[in-house]
Amino acid sequence: MSNIKKEIKFFNVFQYDEEAAYLRKMHKKGWKFVKVSGLGSYTFEECEPEDVIYQLDYNQEGMKEKDEYVQMFEDCGWEYLNDYFGYSYFRKEADEMSEGEDGIFCDEESRMDLFKRVFRGRAIPLILLFALTCVNLATQIMSSREYVFGNIVIVLIVVVLIIYLFVFFQFAKKYYHFMKGREMK
Amino acid sequence: MNDHIRKVYVPMTETAFYILLCLRKPNHGYGIVQIVKELTDGEINLSPGTMYGSLSKMEKDGVIRFVTKEEKRKIYEITELGERVLNLELKRINRLYQNAKEMTL
């Protein structure tokens, strides 16, 4: 039986390109991606080191008609692996890539569309959740002066806020990158 | 034809253009990928993520319609609105081409 290795790695919702690059790097080192589960726990299986391109898509409509969605990718030579929080994972050997092909998207419009889908599907729920937590906390603090866990909760909220700021920095960076790309056209 | 259709499809992306051009005959996404590859001598390789996203967006916009399913592949065809949009685009491209020819003589 081949060796199995697990690695914990965090990528925020907008770092799908970075995540794909990480999986490619692992495969080059002889660790083939098996699955990702829990909170960023990546499972790899030992293999021959190879250059394999990994790609992530986020498409809720595709999830609803999985067979047709996956068929399209398989027809184009992409192996479908699995899903994780709405993201679908695909891979294809670098040698098998067609001329000029550099991933599962071939124009800026559709890359922007992916970005928008991630924003609507993942970022907006997170913002709402965060807003609700804040409101909930504020009302609790106001309704009871001796709110014992108040301090702990505030620390937690600050931590979460910092994570959020980081994610939104990534978002802004990516958005800026898109807009710059557009102006140049 | 409403403002949204005008804004998105006049002019349109190369992907949308080839989709409309190919769907004058019913076909599925991968069929379109193959035709375009042949038409452009392998220069344009439409990718599956782009194709899947474009087809579902264009279906929602009413420029193409879903016809039937064949072995897990969705067959689409152009609608009357799609044909009008394609004709506008063809006119625009033709004008571009004519102007370019005149200016570079």
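- Crowding of Asp3(B) atom CG: a count of heavy atoms from other residues, nucleotides or ligands under 6.0 Å not exceeding 12.
- Proximity to chain A among residues 19-29 of chain B is limited to Gly29(B), judged by heavy-atom separations below 4.5 angstrom.
- For the pair Lys92(A) and Glu79(A), the salt-bridge criterion is not met [side-chain N within less than 4.0 Å of a carboxylate O].
- Under the side chain to side chain contact (heavy atoms under 4.5 Å, CB included) rule, Arg95(B) has a single partner from Gln98(B), Lys91(B), Arg92(B), which is Arg92(B).
- Using a 4.5 Å cut-off between heavy atoms, Ile44(B) does not touch chain A at all.
- Listed options Glu43(B), Glu14(B), Lys60(B) were ranked by heavy-atom pairs under 4.5 angstrom with chain A; first place goes to Lys60(B).
- Between Lys9(A) and Glu19(A), no side-chain nitrogen of the basic residue sits less than 4.0 Å from a carboxylate oxygen of the acidic one, so the salt-bridge criterion is not met.
- Qualifying salt bridge (Lys or Arg N to Asp or Glu O under 4.0 Å) partners for Glu93(A), counting only residues two or more places apart in sequence or in other chains: none.
- In this structure, chain A has a heavy atom under 4.5 Å from the side chain of Thr13(B), while its backbone stays farther away.
- Heavy atoms closer than 4.5 Å to chain B are found in both the backbone and the side chain of Tyr69(A).
- Listed in order of number, the residues of residues 43-59 of chain A that approach chain B to under 4.5 Å between heavy atoms are Asn59(A).
- With rounding to the nearest 0.5 Å, the separation of OG in Ser88(A) from OH in Tyr16(A) is 14.0 Å.
- Gln71(A) touches chain B through its side chain: at least one heavy atom from C-beta onward sits under 4.5 Å away, while N, CA, C and O do not.
- A salt bridge between Glu108(A) and Arg111(A) is present, with a side-chain N of the basic residue lying under 4.0 Å from a carboxylate O of the acidic one.
- Using a 30° and 60° split on the angle between ring planes, Tyr42(A) and Tyr22(A) fall in the perpendicular class, above 60°.
- For Phe119(A) and Phe115(A), the distance between ring centers is not under 6.0 angstrom.
- Following chains of ILVMFWY side-chain contacts shorter than 4.5 Å, one can reach Tyr175(A) starting from Ile127(A), so the two form part of one hydrophobic cluster.
- Of the residues considered (Leu114(A), Asp113(A), Asp102(A)), Asp113(A) shows the highest number of contacts with chain B, using heavy-atom pairs under 4.5 Å.
- Scored by the salt bridge (Lys or Arg N to Asp or Glu O under 4.0 Å) test, Asp75(A) finds Arg73(B) as partners (sequence neighbours excluded).
- Taken together through direct or relayed side-chain contacts under 4.5 Å among Ile, Leu, Val, Met, Phe, Trp and Tyr, Phe169(A) and Leu161(A) form parts of separate hydrophobic clusters.
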